[in-house]
Amino acid sequence: MAQSVDPTAPILILDSGLGGLTVLGEIRQILPTASLIYAADYAGLPYGTKSEAEVAARVCGLLGRMSERYKPRAICIACNTASTIALEMVRDVLEVPIVGTVPAIKPAAAITRTGTIGLLGTAATIRQPYVDRLEADFAADKRLVRHAAPGLVDLAEAKLRGDAVDPMAIRSEVSGLLEADGASDIDTVVLACTHFPLLEAELAEVFGPEVQFVHGAAGIARRMATVVHGQQFAPPPHHRAVTTGEVARLHGLAPLFARFGFETIEQF
Ligand code: DGL
C-alpha cells in the first residue's frame with residue numbers, strides 16, 4: 001500500500017485560522033521532507049461558537065473539496081473543535097487517512113499530582129460527548145473542570161499578527177476557570193484548542209508557576225509520522241498556505257508563514 005502513494009503528495013493540515021500552526025510546527029520537525037499544505041478556513045472562523053451541524057457540514061465539505069484538489073496522502077484536522085465534532089464523520093466520507101486533534105486529557109491525567117485538571121477549550125469543544133468519553137476513559141478518577149475561553153482565539157490570532165496582548169484580557173477569559181469550585185487544586189491545564197498554546201507564556205503569567213500546561217501537538221505529529229511511515233517523499237518539500245477567506249488577510253502574515261517554510265499563500 002505504502003508504495004502506491006505519490007511521492008509528491010502533500011500532507012494537508014486544516015484549522016479555522018492560525019492555531020493549527022502549533023501542530024504544523026511539530027509535524028515539520030518530525031517529517032522534514034514532507035510537503036505540507038496549511039489550510040486556514042478564515043471564511044469559517046470561529047468554529048467554536050458554531051453549532052455541531054454547522055461545523056460538521058463545513059469541515060466535511062471543505063476537506064472533501066480540498067482532497068479532490070490537492071490529493072493529500074494524509075490529513076491532519078489541527079483543530080479540537082472540528083475533530084471532537086466531525087472526526088468520525090470525515091473518516092466515513094473520505095478515503096484518505098485522517099489524524100485528529102483532541103483534548104490531551106490522557107497525558108494530563110498521567111501527570112497531575114493533585115488529581116484536579118483544568119480544561120480550556122472553545123464553547124463547542126467543552127460540551128462534546130467525545131470529551132465526555134475521554135474523561136471517562138482516562139480521567140475517571142480525576143476531577144476535570146471545563147471552561148470555554150473563546151476570546152483566546154482572537155487574542156492568539158492578534159498575537160501572531162504582531163499585536164500586543166493585554167494580560168487583563170487573558171485573565172478575564174480564564175477567570176471562570178480560576179474561580180470555579182475546587183480550582184485552587186488545579187495543577188494541570190489542558191489547552192484544548194490549537195490556538196491556545198500560542199498564548200502559553202501569557203497563560204502561565206495568569207495561572208502561576210505551580211500550574212503546568214498540556215496540549216497534543218507533539219503526540220499528533222508522532223501519530224502522523226506513524227500514518228505515513230514507509231512512504232516515499234520527493235525532495236525538496238514544497239509548502240503552500242491556502243485560505244478560504246480573503247487572501248489579503250494572509251498576505252500580511254507572509255513573514256510569519258515564511259518562518260514556517262511557506263513559499264506561497266493562495267486562495268482556496
Ligand atoms: N483552533 C480551533 C480549536 O482547536 C478553534 C478556533 C475556532 O473557534 O475557530 O478548537
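Ligands are counted one by one from 1 in listed order, and the atoms in each one are counted from 1 as well. Worth knowing before you read on, the calculation uses all heavy atoms, side chains too, and leaves out hydrogens, waters and symmetry mates.
- The list of ring-ring contact (aromatic ring centres under 6.0 Å, His included) pairs with a residue in residues 7-52, not counting sequence neighbours, is empty.
- Annotation: Gly48 places an N or O atom under 3.5 Å from an N or O atom of ligand 1; distance criterion only.
- Contact annotation: for Thr81 versus ligand 1, heavy atoms closer than 4.0 Å belong to both the backbone and the side chain.
- Applying the side chain to side chain donor-acceptor pair (under 3.5 Å) test to residues at least two apart or on different chains, none of the pairs has a partner in residues 94-107.
- Below 4.0 Å from some heavy atom of Ser16 lie the following atoms of ligand 1, by number and element: 6 (C), 7 (C), 9 (O).
- Atom CD of Gln267 has more than 12 heavy atoms from other residues, nucleotides or ligands within 6.0 Å.
- Residue-ligand proximity, Leu45 to ligand 1, at heavy-atom distances under 4.0 Å covers atoms 9 (O).
- Of all the heavy atoms of Thr101, none lies under 4.0 Å from any atom of ligand 1, so neither backbone nor side chain is involved.
- Counting heavy atoms under 4.0 Å from ligand 1, residue Val153 touches it through the side chain alone.
- Counting heavy atoms from C-beta on, the side chains of Pro150 and Glu173 come closer than 4.5 Å.
- No side-chain heavy atom of Pro46 sits under 4.5 Å from any side-chain heavy atom of Thr122.
- Every atom of ligand 1 with a heavy atom of Thr122 under 4.0 Å away is listed here by number and element: 5 (C), 8 (O), 10 (O).
- Within ligand 1, counting atoms from 1 as listed, the ones closer than 4.0 Å to a heavy atom of Asn80 are 3 (C), 4 (O), 10 (O).
- Polar contact check, Tyr47 against ligand 1: a nitrogen or oxygen pair lies under 3.5 Å apart.
- In this structure, the protein non-hydrogen atom closest to atom 2 (C) of ligand 1 is Cys79 SG, 3.2 Å.
- Residues Ile186 and Leu177 meet the side-chain proximity criterion, which asks for heavy atoms closer than 4.5 Å.
- In this structure, the protein non-hydrogen atom closest to atom 5 (C) of ligand 1 is Cys193 SG, 3.6 Å.
- Within the listing of ligand 1, atoms 1 (N), 2 (C) sit less than 4.0 angstrom from a heavy atom of Asp15.
- There is a side-chain donor-acceptor pair under 3.5 Å between Asp187 and Thr114.
- For Phe207 and Phe213, the ring centers sit closer than 6.0 Å to each other.
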